[in-house]
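So that the names make sense, note that chain A is the first sequence line, chain B the second, and so on, each numbered from 1.
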Number of protein chains: 2
Amino acid sequence: MIEKNTELKIIEAARKVFLVRGYSGARMQDIADEAGINKAMLHYYFRNKDKLFESIFSESVNNIRDIFSQSLNSEKEIDNTLINFIATYSEFIKNNRYLPSFIINEMQQGSEMVEDLFKKNIKMYPIEFIKKLKKEQSLGTLEKYDPLQIIVSIIGLCLFPVLAQPVLKILFDYDDNKYDKFLTERVAFLQKFIIKGLKK
Amino acid sequence: MIEKNTELKIIEAARKVFLVRGYSGARMQDIADEAGINKAMLHYYFRNKDKLFESIFSESVNNIRDIFSQSLNSEKEIDNTLINFIATYSEFIKNNRYLPSFIINEMQQGSEMVEDLFKKNIKMYPIEFIKKLKKEQSLGTLEKYDPLQIIVSIIGLCLFPVLAQPVLKILFDYDDNKYDKFLTERVAFLQKFIIKGLKK
DNA sequence: GTCTATATAGGGATAGAC
DNA sequence: GTCTATCCCTATATAGAC
């Protein structure tokens with residue numbers, strides 16, 4: 001087993017701690033423990049907590065942006081674009097449970113630093129997808145809903161069960177396995193439900 | 001103007017601070033300032049930060065539960081039940097923006113205290129609504145989806161735009177007014193979209 | 001009940017040896 | 001580059017006067 005370099009170990013540990021606990025809940029000591037080093041090293045590599053946080057937050061925003069544009073901008077026609085997006089995006093979110101709530105929460109705090117980092121990194125506006133929607137709407141195959149309402153709905157339908165996972169698990173009395181099954185089955189459900197909801 | 005009693009002032013201030021900043025981000029000093037008193041008073045009325053937090057978290061869970069069961073358990077048939085729920089629930093969430101993310105986030109931390117409080121207060125499982133869905137499904141008027149998938153979808157469609165508000169405002173370049181309009185228009189959109197998606 | 005002053009702990013940051 | 005020891009500020013909590 002090759003020993004990973006320290007900077008990488010720190011990044012991975014910081015990612016784990018920040019994504020679950022958030023900026024204010026994260027402890028430098030916890031990150032050091034998770035990385036198997038001491039606190040001083042954190043400051044040696046990343047001057048302070050803010051700088052370390054910035055690097056984690058930025059990469060998180062980039063990850064969300066990449067998977068989003070990558071899975072939405074397909075050359076296929078509308079049905080397959082939707083089916084493909086729902087599957088790809090759901091899979092990504094399932095494997096990155098804490099990403100959405102992390103970003104949403106930090107943004108909610110309204111700190112300048114976070115908002116600037118977000119603006120700097122995000123740059124995504126699904127123009128191509130909106131064009132595709134509008135074309136179908138004018139052809140009369142899709143209901144004439146506001147494209148942004150549609151997009152927020154699709155993303156929300158994929159994200160919400162992962163965002164609210166800790167709450168929903170208790171409400172439904174589902175263990176990890178059952179909830180995982182719920183998420184897996186959800187993909188097919190969403191593909192059908194969304195397309196039916198949009199079609200004229 | 002009648003002077004509110006101190007305990008009430010503390011509760012209101014704590015609510016404001018905890019809901020936005022969360023447990024770890026909240027400062028007793030900020031709560032004292034918001035209430036217009038000094039820190040010592042917080043400890044006089046609520047022994048410590050944990051106790052104060054508990055009372056806010058509990059009332060938050062109760063609020064969510066009340067509005068949920070209240071707006072879902074109507075005597076009407078399925079279409080009107082849905083239309084009524086979407087309108088009532090959306091309105092409530094709009095007026096209580098921070099409630100959902102507060103509960104979801106604290107639950108994500110996985111502390112025993114929070115999880116116990118949640119379990120103790122929540123007790124909601126929409127049995128009547130599920131019955132109503134299943135009846136329509138067996139009559140062939142609704143698609144035979146898993147009722148829990150349906151419920152998670154409806155709630156998610158209402159909650160997500162409020163949960164993700166700080167992110168979506170930036171993505172869409174919407175100011176407060178435009179976003180408010182977006183949320184208002186969303187109700188009618190959701191009523192149509194959801195019913196179309198569910199109908200056979 | 002309400003205040004000021006202060007104790008105590010927690011956590012981010014630095015100095016300095018190796 | 002990595003460690004130990006320590007600094008020092010911040011935040012919670014308490015003591016005690018009024």
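The nearest whole Å value for the distance from the CZ atom in Arg27(A) to the C1' atom in dA9(C) is 12 Å. Atom pair Leu42(B):CG and dT4(C):C1' shows a separation of 15 Å (rounding to whole Å applied). Distance, Phe53(A) CZ to dG11(C) C1': 17 Å, rounded to whole Å.
Among the protein residues, Ala26(A) comes within range of the sugar-phosphate backbone only, with heavy atoms under 4.0 Å from sugar or phosphate atoms but none that close to a base. Here Asn38(A) lies in heavy-atom contact (under 4.0 Å) with a base. Counting non-hydrogen atoms under 4.0 angstrom, Met41(B) reaches a base of the nucleic acid.
Between the side chains of Thr141(B) and Lys199(B), no donor-acceptor pair of N or O atoms lies under 3.5 Å. A donor-acceptor pair shorter than 3.5 Å can be found between the side chains of Gln29(A) and Asp33(A).
Lys169(A) NZ: more than 12 foreign heavy atoms inside a 6.0 Å radius. Heavy atoms of other residues, nucleotides or ligands lying less than 6.0 angstrom from CG of Asn95(B) number more than 12.
Arg15(B) is listed as a side-chain neighbour of Glu59(B), based on a closest heavy-atom distance under 4.5 Å. You'll find the side chain of Gln108(B) reaches within 4.5 Å of the side chain of Arg97(A), heavy atoms only.
A donor-acceptor contact under 3.5 Å is not formed by the side chain of Lys39(A) with the base of dG11(C).
Phosphate proximity of dA13(C) to His43(A): present, with a side-chain N or O under 4.0 Å from OP1 or OP2.
Reading DNA chain D from its 5' end, the first and the last nucleotide to sit under 4.0 Å from a heavy atom of chain A are dG1(D) to dT4(D).
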